[in-house]
Amino acid sequence: MTDESTHDDSPHILSDRGSGGGDAGDASDRDGAGDAGDVGATSDADEADGFHAFWADVIADEVESRDPTDPIVIKGGVSPSGVAHLGNVNEVMRGYFVAGVLRERGHEVRQVFTSDDKDPLRKLPRKLANPDGEIVGLGDVDAGALGRNLGKPYTAIPDPFGERESYAAHFAALLRSDAERLGVPVEMASNTALYAEGAFDDAVRTVLSDLDGVRETLGQYQDKVDGEYVPFNPVCSACGTVTETVTDVDLDAETVEYRCTDLEVDGDTIEGCGHEGTATFREGKLPWRLEWPAQWDVLDVDFEAFGKDHAEGSWPSGVDLARTVLGIEPPVPMVYEWFTLGGEALSSSAGNVITVPEILAVLEPAVVRYFFALHPKRARDLDIERIDQLVDRFDRFERAYFGGVDDPALTRFAERAYPFVVGRVDDPPTEKPVRLPYTFAAVLGMVDDPAFRERLARDEGHIPDDAPKSAVEAALARVEKARNWAERTGNEYDYRLQAELPDVEFADDVAAALDDLADFVAAGHDGEAIQGEMYETARDHEIEIADFFQAGYRLFFDDTQGPRLGEFLGELEREYVVNRLRREA
RNA sequence: GGGCCGGUAGCUCAGUUAGGGAGAGCGUCCGGCUUUUAACCGGACGGUCGGGGGUUCGAAUCCCUCCCGGCCCGCCA
């Protein structure tokens, strides 16, 4: 009915500047009705003039302006086709922030995540993830079994790892555990299950009852849609593949007639078996362009975030089909820009991916959530080599929340977003957590002894004297992350204290200097004194200071460089240091 | 070819909603911490805000245009 221009349905609502501000013509009917009642009653945390420092508030405003009925439904979803990487996390984390804001405003909110698992497996993935989320190659599983199942729904293909009921269930379980690790409670919904229980029956009936309408609308977006097009893909009862050739529709019986024909995928052909049969509305699926709007209808979706790949394809056609065929209003959309990993596009086939377990090996969950709290529309790069920069930014963001940074813009953003980032909306922290700078944590990661780590952190002033035990433990947890980072990247912090004496030899004068230093340490001195004595000893023996330090690094790290040596040695067990300096153990 | 999104310092990013000082952290350089050895402190250097044009007293911000990158207009999420 309401024939609004596509401009008004732009999913780029965080980019539109002053939308509706220019044209007097269309501003009246869209904004006028919704605004009057409830705009003034929005969040108390907002400034009165409607400015928002946090994008999730902008989205929440838009959702509220449509007068949704509780519970508000926020959806995300992916096809469980293979390795879920950090890019897919957008689908849950973006919704997490919007859900949090809406709950804070007093709404009941459900966050639903669909596994679009009735889609067919179109080609063999090059990489898979095992039940622990670790990436493995196709050679580690029965690739032949997968190859024989091309064209079948993911839920009809056995789990390559033999643990769950299907390929889809395997990857859906990984997605759920990813969300849980990030502290995001989501309701998982299986598309296959929704079809099986009849949830899509009404939508399928509506679509197949209005073939002319579907063809006319969708034909404006897809050239392949012609007078013969039928928007339903039955699953062949003979061979189990998803087919595309429907020859007749029987609305009374709620069935379709089909012929199992070939499926073209990327130049390859998945052969149909030629079987001719009958399928019910539950024994097939809608094509994506219609299935997406049907999900909005079935799940009553109020908001959905999606990648920019959908923005100019299935979103505009989905909006149109929702209104003209299904008779519903589409949800509030939000497009997120893709991020790059180390400057390159995420690509599972090229191996340029990082999974949630992998990122959580080097980052605390709050830091990952912080990354996804940043503006969704900005092009950004996630660089593992310099992940310390991201952590530094998080620490600064956290300090800003506690009023410790002279940066009004950052402080406004932090005051609003921080409680959601740390998952403490209802009882925000009142004391700033103790944090070790990430690179300092990497230095501590060079040794295993927890007591050593804590001593050194205290000596360097990173842990206040009155910090409670739990805060200290939480701070030291970062050391394991930073150590994993150093090992993964092999960077300048990737040193390990050598438990065994490295196989080394020194010139006589260097050896004599080491013996003198050993005597000094044995006499009992602190790290600062040892550091100073190293210079004295080198001078006494007329050797280059650089050579002497290098000898020390060779003995303790079997390397030519390392951390500030004297103070480091001062924290280690004295007997160990003395013996090592004497090259005895 | 058409449409959409993105482009701010060497790096990672704020600032674009609401036009007014071009900013932060890191890196680099210099200096300090008795003594060059990656942790700590201070300072400096560093940008045609992708280019050009326009509106304005004033533009990173609004308009036009061009360049570069990504995405969509086939399939698929």
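Lettering of chains follows the sequences in order, A, B, ..., and the numbering in each one begins at 1.
- Using a 4.0 Å heavy-atom criterion, one finds that A:Gly461 contacts no nucleic acid atom at all.
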Requested in this report: Indicate for each nucleotide in nucleotides 40-46 of chain B, in 5' to 3' sequence, whether protein heavy atoms under 4.0 Å reach the base (B), only the sugar-phosphate (S), or nothing (-).
Outcome: -------
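- For A:Glu480, the side chain to side chain donor-acceptor pair (under 3.5 Å) partners are A:Arg453, not counting sequence neighbours.
- A salt bridge (Lys or Arg N to Asp or Glu O under 4.0 Å) check over residues 539-552 of chain A, counting only residues at least two apart or in different chains, returns the pairs A:Glu536-A:Arg539.
- Using a 4.0 Å heavy-atom criterion, one finds that A:Asp223 contacts the sugar-phosphate atoms exclusively.
- For A:Val434, the side-chain contact (heavy atoms from CB on, under 4.5 Å) partners at least two apart in sequence or on another chain are A:Ile463, A:Pro464, A:Ala467, A:Ala471, A:Ala475.
- Applying the side chain to side chain donor-acceptor pair (under 3.5 Å) rule to A:Glu487 yields the partners A:Arg483; only residues at least two apart in sequence or on another chain are considered.
- Remark: A:Asp383 pairs with A:Asp381, A:Glu385, A:Arg386 by the side-chain contact (heavy atoms from CB on, under 4.5 Å) rule, at least two apart or across chains.
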Would you tabulate the nitrogen or oxygen pairs shorter than 3.5 Å linking the protein to nucleotides 20-26 of chain B?
unit_1: B:rA24; atom_1: O2'; unit_2: A:Arg396; atom_2: NE; d: 3.2
unit_1: B:rA24; atom_1: O2'; unit_2: A:Arg396; atom_2: NH1; d: 3.0
unit_1: B:rA24; atom_1: O2'; unit_2: A:Arg396; atom_2: NH2; d: 2.6

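- For the side-chain contact (heavy atoms from CB on, under 4.5 Å) test, residues two or more places apart in sequence or in another chain that qualify with A:Pro563 are A:Val443, A:Met446, A:Tyr553, A:Phe557, A:Phe568.
- In this structure, A:Leu410 reaches neither bases nor backbone, as no heavy-atom distance under 4.0 Å exists between it and the strands shown.
- By the side chain to side chain donor-acceptor pair (under 3.5 Å) test, A:Glu91 pairs with A:Tyr336, sequence neighbours left out.
- Partners of A:Asp309 under the side-chain contact (heavy atoms from CB on, under 4.5 Å) rule, at least two apart in sequence or in another chain, are A:Trp338.
- Base orientation at B:rU65 is anti, since its O4'-C1' glycosidic dihedral falls outside 90° of 0.
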Could you write out each protein N or O paired with an N or O of nucleotides 66-71 of chain B at a distance under 3.5 Å?
unit_1: B:rG70; atom_1: O2'; unit_2: A:Lys308; atom_2: NZ; d: 2.8
unit_1: B:rC71; atom_1: O2'; unit_2: A:Lys308; atom_2: O; d: 3.1

Any N/O pairs under 3.5 Å between the protein and nucleotides 28-30 of chain B? List them or say none.
none

